[in-house]
Student: 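Once you've had a glance at the structure underneath, I'll fire off some questions.
In what follows, chains carry the letters A, B, and so on, assigned in the order in which the sequence lines appear, proteins first and then strands, with residues in each chain numbered from 1.
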There are 2 protein chains.
Amino acid sequence: MNKNDIKEAGLKITQPRVQILKILETSKEKHFSAEDLYQLLREEDSKIGLATIYRVLTQFETAGLVIRHNFEGGQAVFELDKGEHHDHIVDMKNGKIIEFHDEIIEQRQIEIAKEHGYKLLDHSLILYAEPE
Amino acid sequence: MNKNDIKEAGLKITQPRVQILKILETSKEKHFSAEDLYQLLREEDSKIGLATIYRVLTQFETAGLVIRHNFEGGQAVFELDKGEHHDHIVDMKNGKIIEFHDEIIEQRQIEIAKEHGYKLLDHSLILYAEPE
DNA sequence: CTCAGTGCAAACTATTTGCAGATTT
DNA sequence: AAATCTGCAAATAGTTTGCACTGAG
């Protein structure tokens, strides 16, 4: 459960961290900007500062609990790292985000890096699309 | 030649625009941040302001002369749009940027979008890698 | 009790914008 | 001359940091 994740990250179990993690884990939405979280927490109750949210998210990212994405449009977007790697389709019409995973592309990326004399460390693939 | 490109974009042929376009066309490097261009222009001679560079790059982007990339690390990176689409490998060791194009991945992306009921508008694929 | 964590305000970075004067056509 | 463009400084947006206080262990 979530409190353990925080502890294993070497962080104290504080209210802001627990609350942020809970939202990330239990919301139907999966992708949040720092501002999104700030609003949600505000609606609930807590007066957690935006700075704290950024600090906590960065710590979570370092701990591997969370992944940071840089989609178009300024704000970074965070999601829980469930270990199952995936890429994203960004619905330009509704702003929705769809996750997908494709082995063909994954493999091809590794090969391409190798063909150029490189070892693939990470990648970012974002499809910008609109409903058909 | 470059001046024509500017005119066709519906823009006046001004010194800043010509100089910026020349750098983009003639440097061995192909990827520049606004700040990079600012420094290069500064070294040459001109006292073109950073704001102008941003304005010109945005206009060039709108005109389809230039492509803007959001790699990791804050600054947007611009490159001339030569019409030949490609993606990028970012060498995390030396900061070098390698271009590649892979039809397998290109096709797969279209299919994936379609499988999810979408029409692919654009995409961003960046491989972060280190020399083997 | 101690040290990590937090809120708030101030600082920063990348980029954009308003405006008066300079350029292009 | 008319309209567009530019430089500069000020404004924004997103994120980070310093510091005195709070709270977890």
Side-chain angles (χ1 to χ4, degrees), chain A residues 1-23 31-42 44-63 65-78 95, chain B residues 2-23 31-42 44-63 65-79 95:
Chain A
M1 107 300 215
N2 46 36
K3 294 192 183 173
N4 250 327
D5 295 332
I6 297 174
K7 186 173 289 182
E8 278 164 24
L11 301 169
K12 286 188 178 174
I13 298 171
T14 63
Q15 213 199 305
R17 301 215 255 242
V18 172
Q19 286 188 222
I20 290 172
L21 192 47
K22 185 161 64 168
I23 291 183
H31 302 80
F32 304 88
S33 66
E35 192 73 31
D36 290 339
L37 291 168
Y38 182 63
Q39 297 304 338
L40 288 171
L41 288 166
R42 179 127 307 210
E44 288 188 7
D45 42 30
S46 13
K47 47 193 71 210
I48 299 178
L50 191 50
T52 299
I53 294 177
Y54 275 109
R55 262 183 302 229
V56 169
L57 287 172
T58 302
Q59 293 159 342
F60 282 0
E61 186 191 14
T62 303
L65 282 177
V66 144
I67 301 174
R68 178 194 305 250
H69 297 289
N70 294 303
F71 297 158
E72 299 209 340
Q75 277 144 297
V77 168
F78 300 83
Chain B
N2 46 38
K3 295 191 183 173
N4 250 327
D5 295 333
I6 296 174
K7 186 172 288 180
E8 279 164 24
L11 301 169
K12 286 189 178 172
I13 298 173
T14 62
Q15 213 198 301
R17 302 214 255 242
V18 172
Q19 285 187 224
I20 290 172
L21 191 47
K22 184 161 67 167
I23 292 184
H31 302 79
F32 305 88
S33 66
E35 191 73 33
D36 290 339
L37 291 168
Y38 182 63
Q39 298 304 339
L40 288 171
L41 288 166
R42 179 127 306 211
E44 288 188 7
D45 43 31
S46 12
K47 48 193 69 209
I48 298 177
L50 191 50
T52 299
I53 295 177
Y54 275 109
R55 262 182 302 226
V56 169
L57 287 172
T58 302
Q59 292 159 342
F60 282 2
E61 188 191 11
T62 303
L65 282 176
V66 145
I67 301 174
R68 178 196 305 252
H69 297 290
N70 294 303
F71 297 159
E72 299 208 339
Q75 277 144 295
V77 169
F78 300 82
E79 72 174 310

Student: Under 4.0 Å from a heavy atom of chain B: give me the 5'-most and 3'-most nucleotides of DNA chain D that qualify.
Tutor: dA3(D) to dA9(D)
Student: Output the rounded distance in Å from CG (Leu50(B)) to P (dT15(C)).
Tutor: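 It is 9 Å, rounded to the nearest whole Å.
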Student: Could you tell me how far apart Glu61(B) (CD) and dT15(C) (P) are, to the nearest whole angstrom?
Tutor: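 Rounding to the nearest Å, CD of Glu61(B) and P of dT15(C) are 11 Å apart.
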Student: Working to the nearest 0.5 Å, report the span between CD of Gln15(B) and OG1 of Thr52(B).
Tutor: 11.0 Å
Student: Working to the nearest 0.5 Å, report the span between CG of Leu40(B) and NZ of Lys22(B).
Tutor: 12.5 Å
Student: With sequence neighbours excluded, tell me which residues meet side chain to side chain contact (heavy atoms under 4.5 Å, CB included) with Gln59(B).
Tutor: Leu11(B), Arg17(B), Val56(B)
Student: Under 4.0 Å, heavy atom to any atom of DNA chain C: which of residues 11-23 of chain A qualify?
Tutor: Leu11(A), Lys12(A), Thr14(A), Pro16(A), Arg17(A)
Student: Can you name the nearest heavy-atom pair linking Phe78(A) to Val66(A), along with the distance?
Tutor: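 Taking every non-hydrogen atom into account, CD2-CG1, 3.8 Å.
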Student: What pairs of nitrogen or oxygen atoms, one from the protein and one from nucleotides 17-20 of chain C, lie under 3.5 Å apart?
Tutor:
residue : atom : partner  : partner atom : Å
dG18(C) : O6   : Arg55(B) : NH1          : 3.2

Student: Should Leu57(B) and Phe32(B) count as side-chain neighbours, where that means a heavy-atom distance under 4.5 Å?
Tutor: no
Student: Starting from C1' on dT15(C), measure out to CD on Gln75(B) and report it in whole angstrom.
Tutor: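 One finds 11 Å between C1' of dT15(C) and CD of Gln75(B), rounded.
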Student: Restricting to pairs with a member in residues 48-61 of chain B, which pass salt bridge (charged side-chain N to carboxylate O under 4.0 Å, His left out), not counting sequence neighbours?
Tutor: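 As it turns out, the salt bridge (charged side-chain N to carboxylate O under 4.0 Å, His left out) pairs with a partner in residues 48-61 of chain B, which skip direct neighbours, are Glu61(B)-Arg68(B).
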Student: Rounded to the nearest 0.5 Å, what's the gap from CG on Leu37(B) to OH on Tyr54(B)? Could you check?
Tutor: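 So the gap between those two atoms works out to 10.0 Å.
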Student: What is the distance, rounded to the nearest whole Å, between atom NZ of Lys47(B) and atom P of dT23(C)?
Tutor: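 Rounded to whole Å, this separation is 12 Å.
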Student: Which part of the nucleic acid, if any, lies within contact of Ala34(A), taking any heavy atom under 4.0 Å across all strands shown: a base, the sugar-phosphate backbone alone, or nothing?
Tutor: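 Nothing, no nucleic acid heavy atom in range.
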Student: If you look at every heavy atom in Ile53(B) and Ala34(B), which pair is closest and at what distance?
Tutor: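 Here Ile53(B) and Ala34(B) meet closest at CG2-O, 3.9 Å.
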Student: With sequence neighbours left out, write down each residue that passes side chain to side chain contact (heavy atoms under 4.5 Å, CB included) with Phe71(B), or none if nothing qualifies.
Tutor: His69(B), Val77(B), His88(B), Val90(B), Ile97(B), Ile126(B)
Student: Atom CD1 of Ile23(B) and atom CG of Asp36(B): how far apart are they, to the nearest 0.5 Å?
Tutor: 10.0 Å
Student: Decide side chain to side chain donor-acceptor pair (under 3.5 Å) for Ser46(A) and Gln19(A); before the verdict, give the C-alpha distance in whole Å, the side-chain angles of both, and the deciding distance to 0.1 Å.
Tutor: CA-CA 9 Å; Ser46(A) 13; Gln19(A) 286 188 222; 2.5 Å; yes
